[in-house]
**Q** 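Structure below; questions to follow.
Both counts, for ligands and for their atoms, begin at 1 and track the order of listing. Position 1 is the first residue of the sequence, and the numbers go up from there.
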Amino acid sequence: MVKIVLGSELPAEEQLQPQLAHLVTGGRGSLAFLIGDNDCRERLLGRSIHWDRVLLAFEDGEASGYVAFKHHRRGPFALRLQPFVAEFGWLMGRLRFAGFCLSEWREWRYPFLLYGLRVSKAARNQGIGSALVQACCAQAVTAGFKEAYLEVPLDNARARALYLHNGFRLLRKRWVPWPPVRSMLRRLERNA
Ligand SMILES: CC(C)(COP(=O)(O)OP(=O)(O)OC[C@H]1O[C@@H](n2cnc3c(N)ncnc32)[C@H](O)[C@@H]1OP(=O)(O)O)[C@@H](O)C(=O)NCCC(=O)NCCS
């Protein structure tokens with residue numbers, strides 16, 4: 001039985017569990033040139049998570065997936081320079097941090113953005129991804145939005161199909177960010 005919980009509703013000690021930070025920082029692989037591999041992303045962003053922008057799926061007490069979202073200029077990660085400097089040094093840390101900030105600010109164009117979605121490999125194909133997408137749309141409705149947007153990399157056919165099956169439709173291709181993405185939109189009803 002899958003239970004979906006808003007991260008900010010978890011007890012503080014659970015938010016500090018390293019496996020949760022590892023899961024939530026596992027996305028944004030397309031930005032590896034700026035924020036490194038999985039372990040590096042966890043060091044850069046793992047202590048900067050806005051838990052009110054993350055929904056977590058739990059199965060038998062184990063976190064098996066997450067969806068992150070962004071609205072009112074607040075996404076799942078606080079922008080903190082210090083971990084970038086500690087990781088990459090004074091100059092490269094600042095350059096990579098600036099690149100990451102630009103990537104984050106670019107998305108402010110979307111009133112409500114489904115920012116990231118990931119299900120642990122062992123838990124895939126059981127409906128958890130769909131349940132997370134639906135729960136994210138319900139969050140958007142609760143926050144008063146009539147539309148939810150997302151961006152999906154052109155080469156991620158699996159995720160694109162999942163979003164299409166969950167009520168999103170394809171919008172235009174975007175060349176920025178690189179690699180290019182398709183933006184998608186779902187109009188929301190009050191019972192989404
Ligand atoms: C994309 C991703 C999140 C999908 O997660 P998932 O939990 O496997 O998704 P679902 O189980 O809801 O759907 C996958 C398929 O499982 C099957 N499925 C769905 N519910 C099911 C159920 N209750 N029982 C059995 N199979 C089921 C369906 O065939 C579904 O395919 P469909 O959407 O074409 O109908 C996952 O593959 C992932 O984490 N990928 C890597 C990260 C990624 O690409 N993220 C997206 C970035 S834009």
**Q** Is it the case that ligand 1 has an N or O less than 3.5 angstrom from some N or O of Ala131?
**A** no
**Q** With heavy-atom distances below 4.0 Å as the criterion, list the atoms of ligand 1 near Ser130.
**A** 12 (O)
**Q** Please check whether Leu117 reaches ligand 1 - meaning an N/O of the residue sits under 3.5 Å from an N/O of the ligand, judged on distance alone.
**A** yes
**Q** Please write down residue, atom name and distance for the protein heavy atom closest to atom 4 (C) of ligand 1.
**A** Leu162 CD2, 4.1 Å
**Q** Indicate yes or no: does an N/O atom of Gly127 lie under 3.5 Å from an N/O atom of ligand 1?
**A** yes
**Q** Give me the nearest non-hydrogen protein atom to atom 14 (C) of ligand 1 as residue plus atom name, then the distance to 0.1 Å.
**A** Arg158 NH2, 2.4 Å
**Q** Hey, can you pull the donor-acceptor pairs under 3.5 Å for the side chains in residues 92-99, sequence neighbours left out?
**A**
unit_1, atom_1, unit_2, atom_2, d
Arg94, NH1, Trp90, O, 3.4
Arg96, NH1, Phe33, O, 3.3
Arg96, NH1, Leu34, O, 3.1

**Q** How far is atom 33 (O) of ligand 1 from its nearest protein heavy atom, and which residue and atom name does that atom have?
**A** His165 ND1, 3.1 Å
**Q** List the closest protein heavy-atom neighbour of atom 7 (O) of ligand 1: residue, atom name, distance to the nearest 0.1 Å.
**A** Gly129 N, 2.8 Å
**Q** Could you tell me how the ring of Phe88 sits relative to the ring of Phe84: parallel (under 30°), tilted (30 to 60°) or perpendicular (over 60°)?
**A** tilted
**Q** Any protein heavy atom lying closer than 4.0 Å to atom 28 (C) of ligand 1?
**A** no
**Q** Please say whether Tyr163 places an N or O atom under 3.5 Å from an N or O atom belonging to ligand 1.
**A** no
**Q** For the side chain of Arg182 and the backbone of Leu171, is there at least one donor-acceptor N/O pair under 3.5 Å apart?
**A** yes
**Q** May I ask you to decide if Pro83's main-chain N or O and Arg43's side chain share a donor-acceptor pair within less than 3.5 Å?
**A** no
**Q** Would you say Lys173's side chain and Leu154's backbone share a donor-acceptor pair under 3.5 angstrom?
**A** no
**Q** Hey, which atoms in ligand 1 end up nearer than 4.0 Å to a heavy atom of Ala159?
**A** 46 (C)
**Q** Would atom 42 (C) of ligand 1 count as contacted, meaning some protein heavy atom under 4.0 Å?
**A** yes
**Q** Hey, any chance Tyr163 and Phe145 share a hydrophobic cluster, counting ILVMFWY side chains that come within less than 4.5 Å of each other, even indirectly?
**A** yes
**Q** Please compare Lys121, Arg124, Arg182 and report which has the shortest non-hydrogen distance to atom 40 (N) of ligand 1.
**A** Arg124
**Q** Treating Arg41 as the side-chain partner and Gly36 as the backbone partner, does any N or O pair qualify as donor plus acceptor under 3.5 Å?
**A** yes
**Q** Looking only at distances, can you tell me whether any N or O atom of Arg118, backbone or side chain, sits closer than 3.5 Å to an N or O atom of ligand 1?
**A** no
**Q** Please check if the side chain of Arg74 supplies one atom and the backbone of Arg53 the other of a donor-acceptor pair under 3.5 Å.
**A** no
**Q** If you take the nearest heavy atom of each of Leu132, Val181, Asn125, Asn166, which one is closest to atom 26 (N) of ligand 1?
**A** Asn125
**Q** Is there a donor-acceptor pair closer than 3.5 Å between any side-chain N or O of Arg160 and the backbone N or O of Val152?
**A** no
**Q** Quick one: look up the protein heavy atom nearest atom 23 (N) of ligand 1 and list residue, atom name and how far away it is.
**A** Gln126 O, 3.3 Å
**Q** Examine Val119 against ligand 1 and note whether any of their N/O atoms are separated by less than 3.5 Å.
**A** yes
**Q** If you have a sec, work out which protein heavy atom is nearest atom 44 (O) of ligand 1 and how many Å separate them, to one decimal?
**A** Asn156 ND2, 2.7 Å
**Q** When the side chains of residues 18-30 are checked against the rest of the protein, which donor-acceptor pairs come out under 3.5 Å, sequence neighbours left out?
**A**
unit_1, atom_1, unit_2, atom_2, d
Gln19, NE2, Gln17, OE1, 3.1
His22, ND1, Glu42, OE1, 2.5
Thr25, OG1, Ala21, O, 2.7
Thr25, OG1, His22, O, 3.4
Arg28, NH1, Glu107, OE2, 2.8
Arg28, NH2, Glu107, OE2, 3.2
Arg28, NH2, Tyr115, O, 2.9

**Q** Any chance CH2 of Trp105 has more than 12 other-residue heavy atoms, nucleotides or ligands included, within less than 6.0 Å?
**A** no
